[in-house]
Amino acid sequence: MTSSTTPTHKDRVLIFDTTLRDGEQCPGATMTLDEKLAVAELLDTMGVDIIEAGFPIASNGDFEAVAEIARRAKRATIAGLARAIPADIARAGEAVRHARRGRIHTFVSTSPIHLAHQMRKTQDEVIEIILKTVSQARDLVEDVEWSAMDATRTPIDYLCRCVEAAIRSGATTINLPDTVGYATPDEYRAIFRSVRERVPNADQAVFSVHCHNDLGLAIANSLAGVEGGARQVECTINGIGERAGNAALEEIVMAIRTRGDVMPYETGIETTMLTRASKLVSHATNFPVQYNKAIVGRNAFAHESGIHQDGMLKHTETYEIMTPASVGVSKTSLVMGKHSGRAAFRSKLEELGITLSDNRMQDAFERFKALADRKKHVYDEDIEALVDENLATAHDRIRLVSLSVIAGTHGPQRATMKLAIDGRVVTEEAEGNGPVDAVFNAIQALVPHVADLELYKVDAVTEGTDAQAEVSVRLKSGERSVTARGADPDTLVASARAYLSALNKLSASAVRLHAQSPATVS
Ligand code: KIV
Ligand code: ZN
């Protein structure tokens with residue numbers, strides 16, 4: 001928009017989205033199968049070239065998700081991750097078998113620190129592993145990506161040997177990840193330049209960047225890698241991923257698009273879908289998007305100071321380097337209230353990037369009407385919160401039927417709760433040190449379970465004393481940790497909903513429910 005001379009030839013940079021693998025792998029970001037399918041469908045529609053749909057050997061759930069996404073994808077290549085282990089590669093090959101275009105992405109560590117302490121292998125042994133595993137993958141699919149884990153801390157001579165071996169065995173994409181987020185842009189650019197110059201068969205593969213954000217350099221490093229010759233960028237929606245996350249897809253795509261004058265590249269992403277994708281992933285993972293997050297944060301196009309507002313009124317380019325519309329933010333927002341009908345509600349959901357089946361739409365509409373009766377203005381955030389609720393509860397085995405709480409200065413506080421567990425209604429009364437404790441004790445009595453409460457957080461969805469409370473709860477049971485949200489104008493009801501939603505997510509795998517009374521979780 002502000003650029004002067006834009007180069008005429010632009011190299012295509014492939015977008016490899018790993019929200020469903022590296023993103024989902026971070027603590028608390030677990031998604032259900034339905035959520036993964038919805039995210040994959042949106043990524044496919046918005047033009048992502050490769051969707052890394054999961055790590056098939058990790059669990060049956062991961063395998064099913066990759067296989068189902070592979071069956072459904074219309075345009076994107078579907079990749080499954082595999083360690084350099086024959087069973088992993090066979091499982092990944094099986095999972096992507098039905099894709100129009102399937103990819104096995106296999107990786108092995110190459111840095112001295114990983115070889116000495118994690119792999120306990122010599123450099124020559126790792127070369128042997130690369131030759132065998134990449135060949136095995138290539139026998140299963142045409143499209144094989146090989147990654148040198150911790151590439152940025154690997155001596156360049158050895159890295160070149162590994163890359164040469166991987167390409168010789170059939171790898172078609174070579175990924176050099178900054179696994180620990182340690183590189184600087186100059187170093188990362190130089191690694192790509194050296195490897196591409198020194199490896200004799202380098203021209204037979206596409207090179208890829210994969211950057212973690214431990215030092216906040218993931219985007220700068222990814223773009224430097226592209227300058228060094230990489231033509232695939234691995235990234236995630238909202239930048240979710242291990243530790244500090246991965247490079248954010250929306251930032252990469254908009255940086256390339258907005259600064260086409262200095263970066264002669266293009267992607268195939270429909271940028272007007274970026275906000276929608278961000279909201280969908282935030283809903284599915286229950287990870288909030290930071291307010292000032294580039295491109296998709298609530299404040300990304302908000303102008304607060306008088307000087308900025310004055311400039312914006314005179315000419316938007318004074319303070320905006322891209323238009324809100326280019327990333328899917330619409331200026332005219334429908335105001336919703338108790339007189340809004342089904343059509344307006346449906347159109348609001350579309351504007352917010354939310355697609356619901358007819359049944360869920362009906363449930364969400366009824367909840368919207370109930371909320372609009374209690375609250376004068378229903379804001380976008382209210383609708384997002386109630387749809388989150390609605391999505392999360394569609395397959396729930398434990399449902400809240402009713403809750404009443406006696407709270408106040410004279411304890412102990414008491415909660416009376418009625419739940420439907422697999423359709424059977426059970427009631428319990430419990431005391432607690434405060435009303436929230438009483439509510440959670442009632443749940444524990446009705447659904448005995450072993451899980452640690454790692455997070456309990458209350459936010460107001462909007463402003464005003466009639467605002468809905470949005471409660472986030474993270475539960476950890478064994479190795480699995482899930483985050484869930486619950487929203488309601490009553491903070492205690494929202495707390496109960498959030499806790500039950502987390503239990504429902506856990507019950508989908510690690511937890512077993514019995515229909516007898518009281519219900520047990522083990
Ligand atoms: O960060 C990393 O090295 C990875 C690999 C599996 C590609 O995620
Ligand atoms: Zn990673």
Side-chain angles (χ1 to χ4, degrees), residues 14-27 29 49-58 62 66 77-85 88-89 91-92 95-96 103-115 117-119 126 129-130 133-134 137 143-154 158-159 162-163 166 171-183 187-188 191-192 195 205-219 221-222 225 230 232-249 251-252 281 285:
L14 300 172
I15 297 294
F16 175 115
D17 179 279
T18 182
T19 305
L20 297 173
R21 199 279 297 168
D22 216 323
E24 210 241 356
Q25 193 168 307
C26 67
D49 299 284
I50 303 106
I51 299 173
E52 185 161 58
F55 189 8
I57 196 88
D62 252 55
V66 178
T77 296
I78 303 303
L81 185 71
R83 289 166 299 182
I85 296 175
D88 276 42
I89 292 171
R91 194 80 173 135
V96 300
R103 172 180 294 189
I104 295 176
H105 174 195
T106 182
F107 68 97
V108 69
S109 290
T110 52
S111 68
I113 189 160
H114 281 214
L115 261 56
H117 301 288
Q118 196 179 9
M119 308 269 300
V126 169
I129 291 172
I130 296 170
T133 52
V134 174
D143 186 343
V144 174
E145 172 168 337
W146 177 77
S147 289
M149 194 180 223
D150 207 15
T152 52
R153 293 192 297 172
T154 302
Y158 181 59
L159 187 60
C162 292
V163 169
T172 45
T173 300
I174 296 292
N175 181 32
L176 303 179
D178 185 25
T179 305
V180 290
Y182 181 71
E187 283 169 352
Y188 203 48
I191 290 174
F192 281 88
V195 173
V206 172
F207 279 77
S208 174
V209 297
H210 177 116
C211 298
H212 282 272
N213 207 25
D214 300 66
L215 294 174
L217 291 171
I219 296 291
N221 283 341
S222 301
Q232 174 179 289
V233 175
E234 305 199 358
C235 44
T236 59
I237 301 289
N238 297 337
I240 62 169
E242 280 280 349
R243 307 181 309 279
N246 291 63
L249 181 148
E251 295 178 22
I252 289 286
V281 169
T285 55

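Order of appearance sets the numbers: ligands from 1, and atoms from 1 within every ligand. Both backbone and side-chain heavy atoms feed into the values below; hydrogens, waters and symmetry mates do not. All values derive from a computational prediction rather than experimental measurement.
Using a 4.5 Å heavy-atom cutoff, the side chains of I15 and C235 are in contact. Side-chain atoms of N175 and F107, non-hydrogen and from C-beta on, never get closer than 4.5 Å to each other. Within the 4.5 Å cutoff, the side chain of D88 has no heavy atoms near those of the T106 side chain. Contact check for S208 versus F16: no side-chain heavy atoms found under the 4.5 Å cut-off.
Excluding waters, the set of protein N/O/S atoms under 2.8 Å from the Zn ion (ligand 2) reads D22 OD2, H210 NE2, H212 NE2.
None of T179, D22, N221 except one satisfies the side-chain hydrogen bond (donor to acceptor under 3.5 Å, both in side chains) rule with H212; the exception is D22.
No donor-acceptor contact under 3.5 angstrom links the side chains of T152 and E187, judged on distance only. Side-chain polar atoms of T173 and E145 form no donor-acceptor pair below 3.5 angstrom.
In terms of protein heavy-atom proximity, atom 6 (C) of ligand 1 is closest to R21 NH2, 3.6 Å. Scanning the protein heavy atoms around atom 4 (C) of ligand 1, the nearest turns out to be H210 NE2, 3.5 Å. Scanning the protein heavy atoms around atom 3 (O) of ligand 1, the nearest turns out to be T179 OG1, 2.7 Å.
Annotation: the span from I174 atom CD1 to F192 atom CZ amounts to 10.5 Å, rounded to 0.5 Å. In this structure, E52 CD and L81 CG are separated by 5.0 Å, a value rounded to the nearest 0.5 Å.
In terms of polar-atom proximity, D22 is counted as a contact of ligand 1, with an N or O under 3.5 Å from an N or O of the ligand.
Near H212, with a cut-off below 4.0 Å to any heavy atom, the atoms of ligand 1 are 1 (O).
Judged by the shortest distance from any of its heavy atoms, H105 lies inside the 4.0 Å radius around the atoms of ligand 1.
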